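Take a look at the structure below.
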Number of protein chains: 2
Amino acid sequence: MMFRSHVMNSIAEIPLALRAAYLALHRQSDAAFSEHGVTADQFVLLETLAKGEALTQRDLALRMPSDPSTVRAMLVLLEERGLVRRAPHPTDGRARTAALTAAGQRTFRELWDAGESIRTQAVSELTADDAKALVRILRKVATSLTDGDAVLAKRKQRVS
Amino acid sequence: MMFRSHVMNSIAEIPLALRAAYLALHRQSDAAFSEHGVTADQFVLLETLAKGEALTQRDLALRMPSDPSTVRAMLVLLEERGLVRRAPHPTDGRARTAALTAAGQRTFRELWDAGESIRTQAVSELTADDAKALVRILRKVATSLTDGDAVLAKRKQRVS
DNA sequence: TATTGTTATACTCTATAACTATA
DNA sequence: TATAGTTATAGAGTATAACAATA
């Protein structure tokens, strides 16, 4: 099997390497955030809100990235905990904006600080160049995989 | 907020970049494998079995990496579908080994081929050096984050 | 007509804790 | 005593499809 060859192709190794690194990060984050009662994915939502101003749920879903119905379920959980507030969109009657409450901002800052040791640990064996290269390459990978949807959709359109 | 500074620290960007790339890969994989009725995570399990010989559930959990009870739930699903077979361990009466059935091997090869276009797409904007660097750096990140558990456990032990 | 959000629904993965059997 | 696996249980995220309200 090509796969078990000794001349291992690095391309073939990317998926599992990516998965292992992400899951390690995710689990460390879940553990670190659990005392605040927030999951790693909820942290990502809070971080996205902390970066942008009040976003519509649709924008939030696009940036996380996640599914709108998933984002809604997460928002409901976070709203119950008082970390997030939703309000009608000022001009678009269909839309609702989501934003951090004061408590949400405070919690986010605590979580960001709690995550600092994880980020430090993640790069502990990396040079500064490695860290920069990692972000650059990951961005390209994500873009290529995401843009592929558009390419395929276009191809599908052309066929039909 | 440090976070919104224009001199963005690449270390701070790693978690979200890693997440975005992984989720893009995960979703593409789920979509590609769905016609075979297999999830991206189940594919990882099959791949792990395809690489090693019959593994105990514990070893499988360690390598994926995942939780033993999660692995068991996945194995039950895959066993029902006839892709995996469990058998008593030859020498350890507590343990059970898991291995691909003939159908599982066939399905795995089909899935591997179906995944080829995803891997190609993932690296479409990368040089060969980028791909090699990515795997190297991701491995370091995963190791640093995983070994941290041991470090923390040791520190905890020392304290108590 | 298309878009935003909601709702209902279902499934997978995840993980803890208590338990049995074996080492 | 420690380890391998099972079971029960719970929760979170994921995503689809049908729907209402609005653009």
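Proteins get letters first, then strands, A, B, ... in listed order; numbering begins at 1 in each. Not measured: the values here are computed from a predicted model.
When heavy atoms are screened at a 4.0 angstrom cut-off, B/Thr91 is found touching the sugar-phosphate backbone but no base atom.
Taking side-chain N and O atoms only, B/Arg94 has no distance below 4.0 Å to OP1 or OP2 of C/dT20.
Judged by closest nucleotide on DNA chain C, A/Arg58 is the one of A/Leu23 and A/Arg58 placed further toward the 5' end. Residue whose closest nucleotide on DNA chain D sits further toward the 5' end, between B/Arg96 and A/Asp92: B/Arg96.
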What side-chain donor-acceptor pairs closer than 3.5 Å can you find for residues 57-66 of chain B, not counting sequence neighbours?
from    : atom 1 : to      : atom 2 : distance (Å)
B/Gln57 : OE1    : B/Arg86 : NH1    : 2.8
B/Asp59 : OD2    : B/Thr56 : OG1    : 3.3

Please table the atom pairs, donor to acceptor, closer than 3.5 Å between any side-chain atom in residues 92-99 of chain A and protein atoms at least two apart or in another chain.
from    : atom 1 : to      : atom 2 : distance (Å)
A/Asp92 : OD1    : A/Arg94 : N      : 2.9
A/Asp92 : OD1    : A/Arg94 : NE     : 3.2
A/Asp92 : OD2    : A/Arg94 : NH2    : 3.1
A/Thr97 : OG1    : A/Ala87 : O      : 3.2

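Screening residues 23-42 of chain A for salt bridge (charged side-chain N to carboxylate O under 4.0 Å, His left out) gives A/Asp41-B/Arg19 as the qualifying pairs, with residues at least two apart or on separate chains. Annotation: ring-ring contact (aromatic ring centres under 6.0 Å, His included) contacts involving residues 41-96 of chain A, sequence neighbours excluded, comprise A/Phe33-A/Phe43, A/Phe43-A/Phe108.
Contacts of A/Ser124 classified as side-chain hydrogen bond (donor to acceptor under 3.5 Å, both in side chains), with partners at least two apart in sequence or in another chain: B/Ser144. Looking at residues two or more places apart in sequence or on another chain, you find a side-chain contact (heavy atoms from CB on, under 4.5 Å) between B/Thr101 and B/Arg85, B/Ala103. Under the rule for a side-chain hydrogen bond (donor to acceptor under 3.5 Å, both in side chains), the partners of A/Ser69 that lie at least two apart in sequence or sit in another chain are A/Asp67. The side-chain contact (heavy atoms from CB on, under 4.5 Å) search around B/Thr127 returns B/Asp129, B/Asp130, not counting sequence neighbours. Residues passing the salt bridge (charged side-chain N to carboxylate O under 4.0 Å, His left out) test with B/Arg139, sequence neighbours excluded: A/Glu13.
The distance from atom OH of A/Tyr22 to atom C1' of C/dC13 is 12 Å, rounded to the nearest whole Å.
Near DNA chain D, meaning a heavy atom under 4.0 Å from it, residues 60-88 of chain B has B/Ser69, B/Arg72, B/Arg86 in order of number. Taking every heavy atom of residues 30-46 of chain A and every atom of DNA chain C, no pair lies under 4.0 Å.
Bounding nucleotides for the chain A contact on DNA chain D, 5' to 3', at a heavy-atom distance below 4.0 Å, are D/dA12 to D/dA23.
With hydrogens and angles ignored, the 3.5 Å screen pairs a side-chain donor or acceptor of A/Gln42 with a backbone N or O of A/Thr39.
Taking CD of B/Glu80 as the start and CG of B/Leu78 as the end, the distance is 9.0 Å to the nearest 0.5 Å.
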